[in-house]
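Here the structure comes first, spelled out in structure tokens, and everything after it is commentary.
We use all heavy atoms of the structure for the numbers below, so side chains are in, but hydrogens, waters and symmetry mates are not.
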Amino acid sequence: MKNFEIAFIFSDIADMLEIKGENFFKVRAYRKAAHVIGNLPADIQDIMKQAPLEEIEGIGRALSEKIQEILKTGTCRFYEELKKEFPRGLVEMLRIPGLGAKKIKVIYDTLRISSIDELEQAAKSHQLRVLPGMGVKTEETILKGIKMFKGEAGKTLLSTGLVVAEDMVAMLKTMTEIQNIEITGSLRRRKELIGDIDILASSDQPEDVIQGFLRLPRVNEVLAKGSTKASVRLDLGIQVDLRVVEPRSFHCALQYFTGSKDHNTKLRSIARKKGFKLNEYCIYEEQSGKAFYPDSEKKLYHYLEIPYIIPELREDRGEIEAAMEGRLPRVLEWEDIRGDLHVHTDWSDGISSIEAMADAAKALGYEYIAITDHSKSLKVARGLDEKRLKEQIDIIKKLNKEIEGIRILTGIEVDILSNEIMDFDDDILKELDVVVASIHTGFKQDRDKLTRRIISACENPHVDIIAHPTGRMLGKRDPYDIDLDLILKAAAETHTILEINSSPDRLDLNDIMANRAKEMGVKISIDTDAHEKEGLKDMRYGVWNARRAWLEKDDVLNTLPLDKLLKELSAR
DNA sequence: GCCGTTTTCGGCCCGACTGTTTTCAGTCG
């Protein structure tokens with residue numbers, strides 16, 4: 001998969017050209033190309049075989065040649081020349097909030113500072129304040145920015161952000177001056193990690209709303225404030241931006257601030273071609289100057305002759321083109337989910353009993369729940385041995401006779417051991433309704449070995465689902481070093497299902513990988529991996545993730561009613 | 001650097017806030 005390498009190089013080139021002070025549109029061309037290539041649905045080398053690279057949007061002759069050079073040599077001369085001119089540290093400096101290309105260039109040209117550590121020293125020793133366009137405040141901003149950059153900025157889990165944002169919105173809602181209020185930004189698009197919380201309100205008295213916002217509890221620091229916009233940092237360290245618009249502009253602003261930036265940029269350029277201008281207040285016709293204030297986001301899109309696009313899809317990954325061509329996915333809905341196929345109980349490392357989990361699943365309206373405790377090798381999780389598993393199966397059989405309205409499926413989360421062998425023999429696995437296989441040990445093995453382990457699980461006829469296939473933990477652990485394309489190929493061939501693990505710190509497969517799985521004909525199961533009954537509610541994170549991956553109902557195993565599910569599982 | 005059924009040259013998305021200025025450039029989203 002060379003796509004990411006090329007995207008990385010182009011993005012790097014864009015950064016360096018920006019610092020160099022090159023034509024802004026040239027910079028943008030590289031940045032756009034990086035984005036497009038990074039989001040291609042297939043390997044660029046395969047695409048090249050089908051059609052010339054110039055047919056990809058944003059790729060012209062010059063970039064096409066550079067792509068071919070990179071594919072051939074691993075880099076391109078233009079990139080290497082730039083790298084000699086601009087030390088790596090300058091590109092890193094662009095990531096510091098409050099510091100942009102122009103100031104970096106000034107700092108580099110006058111003081112020859114080329115790393116973040118040197119920059120920090122220079123700011124502390126007051127060398128920056130004498131430079132043109134800079135002052136005492138600039139130094140303070142830069143020092144603060146460095147602190148944020150070195151901290152965990154941009155690393156708030158969706159689940160954390162959502163709770164905090166909903167709390168703040170609830171408090172703001174008590175203000176009578178506010179007419180309408182919504183969470184916007186990446187949070188509304190349900191991204192797995194968010195940088196900050198964006199809230200939009202409409203009111204005829206914006207100043208009062210801003211004042212009320214600044215007085216909210218947990219506000220630790222005011223980063224910026226104006227008459228319609230303010231930014232604060234909460235005690236938790238999360239940044240919250242509030243924007244206030246007049247009521248008639250609410251839906252344009254909602255669309256605008258939901259983003260993504262790339263989605264909006266494309267939307268505005270399309271609007272422009274149709275003779276409209278689009279901003280956060282209204283759509284207006286350029287010729288007549290007539291303004292239109294839609295009273296819903298749907299009407300906004302329709303006004304531009306584009307079918308409505310849900311927030312989760314607004315990443316400029318082809319959704320606008322798909323909408324215009326009438327091929328938007330009919331994405332999965334929460335109501336489509338009929339059960340959970342990966343949960344733990346107090347038999348291994350869970351907290352709730354089998355019955356409690358089943359009751360909770362029933363309360364969610366599910367038809368079934370599979371009990372998949374850990375297998376014997378996972379001692380830390382009190383993994384079940386053959387004897388205890390058989391006991392559990394008997395108990396579940398008995399429970400199924402007593403409980404109405406939900407079917408408890410027998411199952412196991414069987415460890416894929418370091419030697420590629422399953423932790424249970426086939427004659428045990430075949431007795432179970434659902435076999436979930438996953439890796440919990442030997443993460444550090446090399447790429448080939450880890451890839452082979454997962455493929456061997458796919459090839460086992462009794463394994464139904466590969467759980468958390470990449471093993472990543474957001475903000476804590478990188479994915480295992482695996483060749484996902486090979487695994488997807490094996491899964492497609494063996495009809496093995498891959499999981500979207502809904503736990504908000506996993507979301508594994510992620511949106512891009514799940515989309516790739518769909519493209520390759522691999523089915524997905526969305527499960528919570530819940531260890532207590534409340535955890536079953538994490539399903540919503542998995543569903544949002546699936547929507548971001550363009551998944552439809554038919555792409556997801558656990559949208560099947562019980563009889564069809566059992567048939568599908570036994571057909572493997 | 002890309003793009004084009006008004007254009008192969010001259011466009012390329014748009015506005016708020018901050019800080020350093022003395023009317024605006026830089027940065028951000």
Side-chain angles (χ1 to χ4, degrees), chain A residues 10 13-14 17-19 21-36 53-67 78 93-107 128-142 144-145 148 154 184-187 189 194-200 206 210 222-231 239-245 249 252-253 255-284 286-287 304 316:
Chain A
F10 281 178
I13 289 177
L17 290 179
E18 193 177 4
I19 293 167
E22 255 289 4
N23 179 325
F24 171 70
F25 295 104
K26 187 168 170 177
V27 174
R28 213 171 66 177
Y30 275 98
R31 216 156 260 159
K32 182 180 175 179
H35 174 82
V36 169
L53 287 171
E54 279 93 337
E55 281 183 22
I56 301 173
E57 190 205 336
I59 309 294
R61 235 184 90 193
L63 290 182
S64 166
E65 279 168 11
K66 290 195 176 71
I67 291 170
F78 183 56
M93 283 185 209
L94 272 177
R95 308 267 123 45
I96 298 172
L99 190 58
K102 300 279 165 59
K103 285 193 180 128
I104 291 173
K105 179 151 170 46
V106 170
I107 292 167
L128 303 182
R129 60 181 60 178
V130 296
L131 301 182
M134 293 183 220
V136 180
K137 290 272 191 180
T138 316
E139 269 174 3
E140 286 171 11
T141 309
I142 288 174
K144 221 184 252 178
M148 268 197 60
T184 66
S186 50
L187 212 42
R189 302 199 309 278
I194 58 153
D196 60 9
I197 292 172
D198 295 299
I199 300 172
L200 170 72
I210 296 289
V222 177
L223 301 170
K225 64 166 194 282
S227 56
T228 65
K229 187 178 164 180
S231 294
Q239 182 178 328
V240 186
D241 297 344
L242 174 72
R243 181 66 188 266
V244 189
V245 295
S249 291
C252 269
Q255 195 287 322
Y256 187 97
F257 291 109
T258 297
S260 65
K261 192 170 160 16
D262 292 325
H263 175 91
N264 286 352
T265 303
K266 181 163 283 174
L267 199 65
R268 284 200 288 278
S269 90
I270 287 169
R272 188 167 241 286
K273 278 178 200 151
K274 297 188 184 224
F276 298 111
K277 272 209 164 191
L278 184 61
N279 57 27
E280 61 256 64
Y281 306 115
C282 64
I283 306 174
Y284 70 88
E286 250 172 328
Q287 285 219 315
L304 299 173
D316 189 27

Review point. What is the nucleic acid contact for A/Thr141, judged by heavy atoms within less than 4.0 Å: base, sugar-phosphate only, or nothing?
Key: nothing

Practice item. Under 4.0 Å between any heavy atoms, over every strand shown, what does A/Lys66 touch: base, sugar-phosphate, or nothing? Just pick one. Key: sugar-phosphate

Check your understanding: Of A/Leu99 and A/Leu223, whose nearest nucleotide on DNA chain B comes first from the 5' end?
Key -> A/Leu223

Practice item. Look at A/Lys144 together with A/Glu140 and state whether they make a salt bridge at an N to O cut-off of under 4.0 Å. Key: no

Practice item. Identify whether any heavy atom of A/Asn23 sits under 4.0 Å from a base atom; if not, whether one sits that close to sugar-phosphate; answer base, sugar-phosphate or nothing. Key: base

Check your understanding: Taking the nucleotide of DNA chain B with the closest heavy atom to each, which residue, A/Gly58 or A/Asn279, is nearer the 5' end?
Key -> A/Gly58

Exercise for review: Mind checking A/Ala101 for me? I need base, sugar-phosphate or nothing, with any heavy atom below 4.0 Å counting as a touch.
Suggested key: sugar-phosphate

Practice item. Using a heavy-atom cut-off of under 4.0 Å over every strand shown, decide if A/Ile13 touches base, sugar-phosphate, or nothing. Key: nothing

Practice item. Would you indicate what A/Lys261 reaches in the nucleic acid, counting non-hydrogen atoms under 4.0 angstrom: base, sugar-phosphate, or nothing? Key: base

Check your understanding: At under 4.0 Å, does any side-chain N or O of A/Thr138 touch on OP1 or OP2 of B/dT20?
Key -> yes

Exercise for review: Examine the base of B/dG29 for any acceptor or donor lying under 3.5 Å from a partner atom in the side chain of A/Tyr256, and report the outcome as yes or no.
Suggested key: yes

Practice item. Name the pairing partner of B/dG1, where a pair is Watson-Crick or G-U wobble with both distances under 3.5 Å, or state none. Key: B/dC12

Review point. Just checking A/Lys225: base, sugar-phosphate only, or nothing, at a heavy-atom cut-off of under 4.0 Å?
Key: sugar-phosphate

Exercise for review: Describe the nucleic acid contact of A/Lys266 in one word from base, sugar-phosphate, nothing, applying a heavy-atom distance below 4.0 Å.
Suggested key: nothing

Practice item. Under 4.0 Å between any heavy atoms, over every strand shown, what does A/Leu278 touch: base, sugar-phosphate, or nothing? Just pick one. Key: sugar-phosphate

Review point. Checking all strands, does A/Tyr30 fall into the base, sugar-phosphate, or nothing category for heavy-atom contacts under 4.0 angstrom?
Key: sugar-phosphate

Practice item. Using atom types as modelled and distance alone, determine if a side-chain donor or acceptor of A/His35 lies under 3.5 Å from a backbone N or O of A/Asp316. Key: yes

